[in-house]
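Structure, as structure tokens:
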2 protein chains.
Amino acid sequence: MAANCQFAFAVHLLTLLAHKAGEPMTSSALAASVNTHPVVIRRLLATLSRAGIVVTGKGSQAGSRLQRSPSEITLGEVFRITMPASSAALYPHGPNKRCLIGHNIEGVLITILGSARAAFEEALGNYTLADVLARVAEGADEIPKPISSKAAASA
Amino acid sequence: MAANCQFAFAVHLLTLLAHKAGEPMTSSALAASVNTHPVVIRRLLATLSRAGIVVTGKGSQAGSRLQRSPSEITLGEVFRITMPASSAALYPHGPNKRCLIGHNIEGVLITILGSARAAFEEALGNYTLADVLARVAEGADEIPKPISSKAAASA
DNA sequence: GTTGATGTAACCGTGGCTGTTACATTCGTC
DNA sequence: GACGAATGTAACAGCCACGGTTACATCAAC
């Protein structure tokens, strides 16, 4: 299975929402394109909603839509939201603190990895949802066939 | 437990080797400081050896040492070796190819994530093992007590 | 009130990774 | 040449994270 699909899933569904340009989509419709379970999408949407990226309505005929213009949402932001800097320990059992190296290396590593992660996020910050949508649309010629059945109505 | 300690373990043991300045260390001694099992260290050393970072001797009185100067080994290189770009799928089941977005987004994401990873590695490339060792040594005042018993002889 | 949607808790199954054991192999030392 | 100490590697166990799934309360439009 794939590791940490959170970010990929998020970008995927946000791109779908961007493509729909304001028209709300249901979690089922989004799930159909992402190829996963609607609840997985709803969990993600809840996170994105709390972060102010999307708005989701409740009740019948509801759905989700972007809260901002696609050109104002960067992948860096999406990454920060979906993959928050984990405070997970670097070592399963921690290094041996009674050794010179072991005693100090954790802090050094955390600092260095932090700066690297910042570079990663900055690189992602160069792309907006609008960019992604444009790139996706470029390859539109090669679509094998239109999406079918019930999914066709929404995706 | 901590995720993917490979990189942290590698930097840790390489820093130890750098600290020893050419004197070979056994996997047991390294394991004592990293706080893990010698076999885990040996697995890592095998990878680092294949990549030309360390040399490991066999037989009694053997051990491992750096193959290059600590100032010529960057963390970017270590990262690339220990965490090779996984060809793991971005999606557990793949996106729905019959949808415009689903059909094209994977390639777009791979490209973008690739450039972000490059930025990450480049940031790590700014640090060498010598830098790490220097930073670790800076905090040397705060060592609680010298490492004890058999581990003291080697670490 | 019915219908169709969300939000969320709870649980299962799988996969990956560390840790561990076991064993063949290799080299220095006596 | 035998012994001891170390590596290299395969095989397995245990654990944990995460995606997938079910279930259900809630909410809004009609």
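Order of the sequence lines fixes the chain letters, A, B, ..., with proteins taken first and strands second; residue numbering starts at 1 for each chain.
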Q: Using whole Å, report how far CG of A:Asn4 lies from C1' of D:dG20.
A: 15 Å

Q: Ignoring backbone atoms, test whether A:Ser28 places a side-chain nitrogen or oxygen under 4.0 Å from the OP1 or OP2 oxygen of C:dA5.
A: no

Q: Ignoring backbone atoms, establish whether A:Ser64 has a side-chain N or O less than 4.0 Å from OP1 or OP2 of C:dT6.
A: no

Q | Check: B:Leu30 and B:Leu44 side chains under 4.5 Å, non-hydrogen atoms | A | no

Q.
Under a 3.5 Å cutoff, is there a donor and acceptor pairing between the side chains of B:Ser71 and B:Ser69?
A. yes

Q | For the student: nearest non-hydrogen atoms of A:Val54 and A:Gln67, plus distance | A | O-OE1, 3.4 Å

(Q) With rounding to the nearest 0.5 angstrom, report the NZ to CD1 distance, A:Lys97 to A:Ile105. (A) 12.5 Å

Q: Nearest whole angstrom, please: distance from the P of D:dC18 to the NE2 of B:His93.
A: 16 Å

Q | salt bridge (charged side-chain N to carboxylate O under 4.0 Å, His left out) evaluation trace for B:Arg117 with B:Glu122 | A | CA-CA 8 Å; B:Arg117 187 189 151 111; B:Glu122 191 185 333; over 6 Å; no

Q.
Can you see if the side chain of A:Thr56 gets near the phosphate of C:dT6 - specifically, an N or O under 4.0 Å from OP1 or OP2?
A. no

(Q) Would you compute the distance between atom CG of A:Leu109 and atom OH of B:Tyr127 and round it to the nearest 0.5 angstrom? (A) 11.0 Å

Q: For DNA chain D, find the residues of residues 36-51 of chain B with a heavy-atom distance under 4.0 Å and give them by number; none if there aren't any.
A: B:Val39, B:Arg42, B:Arg43, B:Ala46, B:Arg50

Q. Are A:Arg80 and A:Glu121 within salt-bridge range, i.e. N to O under 4.0 Å?
A. yes

Q. Does any donor atom in the side chain of A:His93 or B:Thr36 lie under 3.5 Å from an acceptor atom in the other side chain?
A. no

Close N or O pairs between protein and nucleotides 27-30 of chain D (under 3.5 Å):
from, atom 1, to, atom 2, distance (Å)
D:dA28, N3, A:Ser60, N, 3.4

